Amino acid sequence: MARIDGITEQRREKLRKIRSLGIDPFPHRYHRSHTNKEAIAHFQRDDCAPQVSLAGRIMAFRTMGKATFIDVRDSSGKIQAYFRSNLLGDKYELLKEFDIGDIIGMSGEMFRTHSGEVTLKVNDFVILSKSLQPLPEKWHGLTDVEKRYRQRYLDLISSEEVNRIFTVRSRAIAAIRRFLNRRGFIEAETPVLHPAAGGALARPFTTHHHALDQNLYLRIATELYLKRLVIGGFDKVYEIGRIFRNEGISTKHNPEFTMLESYEAYADYNNVMSMTEELVSYVTKNVLRKTKVSYAGTTIDFTPPWHRVTLRDAVREQCKIDFLEHADYDSLRDAIQHYGLNVDESPSWGKLLDKLFSTYVEPHLIQPTFIMDYPVELSPLAKRNPDDERLVERFEAFAGGMEIANAFTELNDPIEQRERFQEQEKLRALLGDEEAERVDEDFLLALEYGMPPTGGLGVGIDRLVMLLTDQQSIREVILFPQLRTKQVG
RNA sequence: GGGCCGUUAGCUCAGGGGUAGAGCACCUGACUUUUAAUCAGGGUGUCGUGGGUUCGAAACCCACACGGCUCACCA
C-alpha cells in the first residue's frame, strides 16, 4: 500500500503551508455550542437566527468562486455551511488549504438557503485536524469487504447503514442492562484468564503468565465463576462479556464474541424461559420500537410467548427418529441410515444427535422457539429432569435458524456434578474429545458449600444483534472481526 | 483444512495476448444560494506477490498471500 502518493503529498504540502501561516493544524480543543442536529433543531424550533459554533468532518465541497458550500458531519448528522468572501475577507482564501476529510470548527449564524436547507453562515472557522489520506468515494463508499473490516473507521465514515448497525448494537446492550438491573440483577466482572477453561464445551485459547509461570486459558464461558457468586449470596447476577473459543470462523462464528450470562437463585428453566422471551422482546421494542423484525426476507415476531417444543418432539417431527428409543451410538446411527438421512460421522451418541438436530431441525426454527429437555450427555452442568433422568432441564432458544440462547436449571448437587465431570473426562480419554469439560475441583469445592436452586441463561449478543439489524454475517455486527494478519512489506 | 469465486488509480469498476481505461476523488482555471453544483483542461498505476509460457502477459499456466461464500468444527 503506497502510503505516500500524489494526493497525500499534496495534502502534506497544504499542511506545511498552514503551518507557515502561523496556524496550528492540530489545535488542542474547540468549543462547540451545539451538535449539528441541535443547531438545526434550534433554528427550526425558535425560528430565529441563533449564533452557534459547530465542528465536524468535511464531507463535501461545492465552490463557486467567491462563495463555497461545504457539508460537515458530526456524530449527530450532517450540516451545510456557507462561506462568503465578503463576509470572511482574506480568511476566505484559507479555505483552499482545506480538504474533504479535514476536521473543521466553524461559528456563525443559522439561516435558510433559497432552496430551503437550514445552513450555517460562517463568520469564522478554524482547522481542527488536517487529513492526509483521501476518503472513500462519496457515492459508492467502501465496498471492498476486507478493507471495510480492516479499516472499519472508513466504513463508518462512508456508510450510514454501518453506523446504524453499531448504534443498534450499543442500544441493545444498554437495554439488556436496563432490563436486568430493573429486575434486581447485579452486574459482575469475573476473570477472563482461567486456570481451567470450563462452563462450556469448546476448545480454549491458551496463554502463559510469566510471573506465575503458569499456563492460563482465555474463558470459554463465565458460568462457573458466576455460579460461585450465587453461592456467595448474589441471588441475581449477570455478566456481559467477551468469550473466546478457539474454533472455526464463519458467518455465524467469530473467535471472540459477546455473551450475556445470568443466574437467578430460586428460579428454574421455566422461569428463565419466560424471562428470556420478555428480555428479547423488551430489547427489540426498545431499540427498534417494534417486536417484529425483518430478517433474511422473512418476518420474525418476538412477541411472547414463543413456541415451546421438546428436543425429542422436534427431532421426531423432522426426522421421524425418537432418540430416546435409540439411546446408544449404533442404534441412532442405524436409525439415521434407515430414514436415509445424511449426517456425518460423529465421535459420540450425543454429538451425533446434535448433528442430526442442527442439520434437520435448526434451519427450520425461524420464528422464536424454545427447544427443551436435552440429553444429560450433552449437558454436564444441568440438572436432571425429574420425570426422565436421561434428560436435563435445559432449553435453547432459536430464531432465524440460529441458536441465540442456552439455559438450564443448574446442577447444584456437588456429588452428581463430580460424577458428571468424570463422565466428561472419560469422553475426553476415550474419544479424544478436546471440548469435554474437565473436573474443576475449585468449582466443586464451592458447590459443596451449597448453591441454591438456580436458573441460568446464556445469550449470544452478536447473534441477537444480527437479528435486530437483518445481517446474515456475524462480522457485520462486530466492529473489528478476526482476520488473518496481513504480512507487511 | 477442502471446494468455488475474487484481487486493475485514493474509492467504485471496465478491459481476457499487441501503447493502462471510465466515473468519483485530486490538480489548474472560471463562477457570491450550491447540494452527486456546473463548465474547460490535466491520468496521478509494482494490474495482489513470485515463477513460467510467449517476439510480446493485466490477460494464459503454476505456486503463494489476502479476502468472500460454502463444507467441516462450534455458539
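What you see is a predicted model; the values in this text were computed from it and never measured. We name chains A, B, ... by the order of the sequence lines, and we start the count at 1 in each one.
- The side chain of A:L142 lies closest to B:C11, out of B:C11, B:A75, B:A25.
- The residue A:D354 sits apart from the nucleic acid: no heavy atom pair falls under 4.0 Å.
- Considering only the side chain of A:L483, B:G67 comes nearest among B:C26, B:G67, B:C69.
- Within residues 59-71 of chain A, the residues having any heavy atom under 4.0 Å from RNA chain B are, by residue number, A:R62, A:T63, A:M64, A:G65, A:K66, A:A67, A:F69.
- Aromatic ring centres of A:F357 and A:F398 lie closer together than 6.0 Å.
- Contact annotation: the side chain of A:D99 never approaches that of A:I7 to less than 4.5 Å [non-hydrogen atoms, C-beta and beyond].
- When each of B:C11, B:G67, B:U34 is scored by its nearest atom to the side-chain atoms of A:K147, the top-ranked nucleotide is B:C11.
- In terms of phosphate contacts, A:R475 brings a side-chain nitrogen or oxygen within less than 4.0 Å of OP1 or OP2 of B:C69.
- Comparing atom distances between the A:R484 side chain and each of B:C11, B:A75, B:C66 picks out B:C66 as nearest.
- For A:K138, taking side-chain heavy atoms from C-beta onward, the closest of the listed nucleotides B:C27, B:C24, B:U34 is B:C24.
- If you check every strand for non-hydrogen atoms under 4.0 Å, A:Y149 touches sugar and phosphate atoms only.
- Contact check, A:K14 against B:C27: a side-chain N or O comes under 4.0 Å of OP1 or OP2.
- As judged by a 4.0 angstrom heavy-atom cut-off over every strand, A:G248 is placed among the base-contacting residues.
- With B:C69, B:C27, B:G10 as the candidates, the nucleotide lying closest to the side chain of A:T251 is B:C69.
- Nucleic acid contact class of A:I100 (heavy atoms, under 4.0 Å, all strands): sugar-phosphate only.
- Looking at A:E161 and A:R164, a side-chain N of the basic residue comes within less than 4.0 Å of a carboxylate O on the acidic one, giving a salt bridge.
- Across all strands, A:I243 comes closer than 4.0 Å to no nucleic acid atom at all (heavy-atom distances).
- Salt bridge status for A:E377 with A:R394: absent, with no side-chain N to carboxylate O gap under 4.0 Å.
- Among the atoms of the strands shown, none is found under 4.0 Å from any heavy atom of A:G458.
- Contact annotation for A:Y92: no contact, since no heavy-atom pair falls under 4.0 Å across all strands.
- Residues passing the ring-ring contact (aromatic ring centres under 6.0 Å, His included) test with A:F111, sequence neighbours excluded: A:Y82.
- Remark: ring of A:H140 not stacked against base of B:U12; the cut-offs of centroid gap under 5.5 Å and plane tilt under 30° are not jointly satisfied.
- Listed candidates were B:U34, B:C73, B:A75. Nearest to the side chain of A:K355 is B:C73.
- Considering only the side chain of A:T143, B:C13 comes nearest among B:U32, B:A65, B:C13.
- Proximity note for A:F111 (side chain, C-beta onward) versus B:U33, B:U34, B:U32: the nearest is B:U33.
- For residues 103-129 of chain A, the pairs satisfying salt bridge (charged side-chain N to carboxylate O under 4.0 Å, His left out) are A:K91-A:D124, with sequence neighbours left out.
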Got a list of protein N/O to nucleotides 4-6 of chain B N/O distances below 3.5 Å?
none

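- Atom C1' of B:C39 sits at a distance of 48 Å from the matching atom of B:G50, rounded to the whole Å.
- Under a cut-off of 6.0 angstrom, the local environment of OH in A:Y217 is sparse, with at most 12 non-hydrogen atoms contributed by other residues, nucleotides or ligands.
- The stretch residues 83-109 of chain A participates, sequence neighbours left out, in these ring pair (Phe, Tyr, Trp, His ring centres under 6.0 Å) pairs: A:F83-A:F125, A:F98-A:F125.
- When heavy atoms are screened at a 4.0 angstrom cut-off, A:K78 is found touching no nucleic acid atom at all.
- Sorted by first and then second residue, the salt bridge (charged side-chain N to carboxylate O under 4.0 Å, His left out) pairs with a member in residues 71-88 of chain A read A:R32-A:D74, A:R62-A:D71, A:D71-A:K78; sequence neighbours excluded.
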